[in-house]
Amino acid sequence: MCTGGCAKCLGGTLIPLALFGFLANILLFFPGGKVIDNKDHLSDEVWFFGGILGSGVLMIFPALVFLGLKNNDCCGCCGNESCGKRFAMFTSTIFAVIGFLGAGYSFVISAISINKGPKCLMGNSTWGYPFHEGDYLKDESLYRQCLEPVNVVPWNLTLFSILLVVGGIQMLLCVIQIVNGLLGTLCGDCQCCGCCGGDGPV
C-alpha cells in the first residue's frame, strides 16, 4: 500500500478509537453508572483525563493529518506550492510522535489505576483505596471491601481496561505511521506521478 493510502487508513482507524477513549473517560466520572455527590470520592486517575486528553484530543489532530495526506497533490498541500508530498509525510511523523505520547500517557494512567484499584467507601467508613498491588484482580471476593459506590470495582476496571487497550492500539498505529511517514519522506508516494507534471514518485 502506498504511504498516503496507508496514512489515510490509519487516520480512519484512530478517530473512532479516540472517540471511544473519550467516552470511556467521561463514564469514569459516574462510578457504577451513578452521579456521585462529592467529586473527592472519585479515583485520582480519573482527573488525569487519560482518555479525554491522551487518547482523545491529542489523537484527533494526528488522525486528521493522516487522513489529509491522501488528498495532498504532488505540487503541494492545502494549496501551498512550497509544501511537497515528502514534507507532508515528514510532518505526519511529527504528529505521529505526538499521538504516540498521548496514547502512552493514557496507557500508563490506565495501568496505574488498574493496579491501584478504585477509590471507594471502606468498612471503616472512610474513603480510600482498599486494594494493594492489584490483589483484587485475582480475587473477586475482595470487591466487597468497597461499599460505595455500588459496583464501582467492575465499573472502573472495565473502563480503564478499555482505555488501556485503546491506548495500546493507538500507540501501535502511531508507530506504524512513524515508519510509514519516514518511508514516504525518503521514497515518496507511489501514487504520485511527479511534481507539477514531472514523471515518477516524489
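Predicted model only: the values in this text are computed from it and were never measured.
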Enquirer: So do W127 and E148 actually touch side chain to side chain, heavy atoms under 4.5 Å?
Expert: yes
Enquirer: Taking I109 as the starting point, is it possible to reach F22 by hopping between hydrophobic residues whose side chains are less than 4.5 Å apart?
Expert: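 No.
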Enquirer: CG/L28 to CG/L163 distance, rounded to the nearest 0.5 angstrom?
Expert: 6.0 Å
Enquirer: With the side chain counted from C-beta on, respond yes when P130 and M122 share a heavy-atom pair under 4.5 Å apart, and no when they do not.
Expert: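 Contact flag for P130/M122 side chains = yes.
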Enquirer: Please give me the minimum heavy-atom distance between G123 and L147, naming the atom from each residue.
Expert: CA-CD1, 4.0 Å
Enquirer: For atom CZ of F90, decide whether the heavy atoms of other residues, nucleotides or ligands shown that lie under 6.0 angstrom number more than 12.
Expert: no
Enquirer: Answer whether the closest heavy-atom distance between the side chains of D139 and D135 falls below 4.5 Å.
Expert: no
Enquirer: Taking the side chain as everything from C-beta on, heavy atoms only, tell me whether H41 gets closer than 4.5 Å to P149.
Expert: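 SC-SC contact between H41 and P149 ruled out.
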Enquirer: I'd like to know if F29 and L157 are part of one continuous hydrophobic network [Ile/Leu/Val/Met/Phe/Trp/Tyr, side-chain heavy atoms within less than 4.5 Å].
Expert: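 The answer is yes; both residues are in one hydrophobic cluster.
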Enquirer: Verify the cluster assignment for W155 and Y129: are they in a single hydrophobic cluster under the rule of side-chain heavy atoms below 4.5 Å apart?
Expert: no
Enquirer: With a 6.0 Å cut-off (strictly less than), is the heavy-atom count around CZ of F61, excluding the residue itself, greater than 12?
Expert: no
Enquirer: With the side chain counted from C-beta on, respond yes when L23 and L19 share a heavy-atom pair under 4.5 Å apart, and no when they do not.
Expert: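 No, every pair of side-chain atoms sits at 4.5 Å or beyond.
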Enquirer: Locate the shortest heavy-atom distance separating N25 from G50; write the atom from each residue and the value.
Expert: OD1-N, 3.3 Å
Enquirer: S106 vs V166, test: side-chain contact (heavy atoms from CB on, under 4.5 Å). Steps then yes/no.
Expert: CA-CA 9 Å; S106 178; V166 167; over 6 Å; no
Enquirer: To the nearest 0.5 Å, how far apart are NZ in K119 and OG in S113?
Expert: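 If I round to the nearest 0.5 Å, the distance is 12.0 Å.
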Enquirer: Do the ring planes of F49 and W47 sit parallel (below 30°), tilted (30 to 60°) or perpendicular (above 60°)?
Expert: perpendicular
Enquirer: Looking at side-chain heavy atoms only, is the closest gap between N115 and L137 below 4.5 Å?
Expert: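 Of all side-chain heavy-atom pairs linking L137 with N115, none is under 4.5 Å.
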Enquirer: Any side-chain heavy-atom pair from S161 and V165 closer than 4.5 angstrom?
Expert: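 The answer is no, as the side chains (C-beta and beyond) never meet within the 4.5 Å cut-off.
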Enquirer: Nearest 0.5 Å, what's the CG-CD1 distance between L17 and I60?
Expert: 10.0 Å
Enquirer: Quick check: is Y105 connected to L159 through a chain of hydrophobic side chains (ILVMFWY, heavy atoms under 4.5 Å apart)?
Expert: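 Unlinked, L159 and Y105 end up in two clusters.
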Enquirer: Q177 and S92: which non-hydrogen atoms are nearest, and at how many Å?
Expert: NE2-OG, 2.9 Å
Enquirer: As an exercise, state the distance from CG of L27 to CZ of F30, rounded to the nearest 0.5 Å.
Expert: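 Going from the CG atom of L27 to the CZ atom of F30 covers 8.0 Å.
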Enquirer: Rounded to the nearest 0.5 Å, what's the gap from CZ on F107 to CG on L164? Could you check?
Expert: 4.5 Å
Enquirer: So which atom in P31 and which in V152 form the shortest heavy-atom distance, rounded to 0.1 Å?
Expert: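 Scanning both residues completely, I find the closest heavy atoms to be CB-CG2, 3.7 Å.
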Enquirer: Under a single-linkage definition using a 4.5 Å side-chain heavy-atom cutoff for Ile, Leu, Val, Met, Phe, Trp and Tyr, are F66 and F20 assigned to the same hydrophobic cluster?
Expert: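 Linked, F66 and F20 end up in one cluster.
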Enquirer: Name the orientation class of the two ring planes belonging to Y143 and Y136 (parallel below 30°, tilted from 30 to 60°, perpendicular beyond 60°).
Expert: tilted
Enquirer: Which heavy atom of M59 sits nearest to which heavy atom of P62, and what is that distance?
Expert: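 Closest heavy-atom pair between M59 and P62: O-CD, 3.3 Å.
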Enquirer: Just how far is it from atom CG of L142 to atom CZ of F131, taken to the nearest 0.5 Å?
Expert: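 With rounding to 0.5 Å, CG (L142) is 6.5 Å from CZ (F131).
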Enquirer: Any side-chain heavy atom of L101 within less than 4.5 Å of one from L58?
Expert: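 L101 vs L58: side chains apart.
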Enquirer: Could you tell me which non-hydrogen atom of A103 sits nearest to which non-hydrogen atom of M171, and how far apart they are?
Expert: CB-CG, 3.5 Å
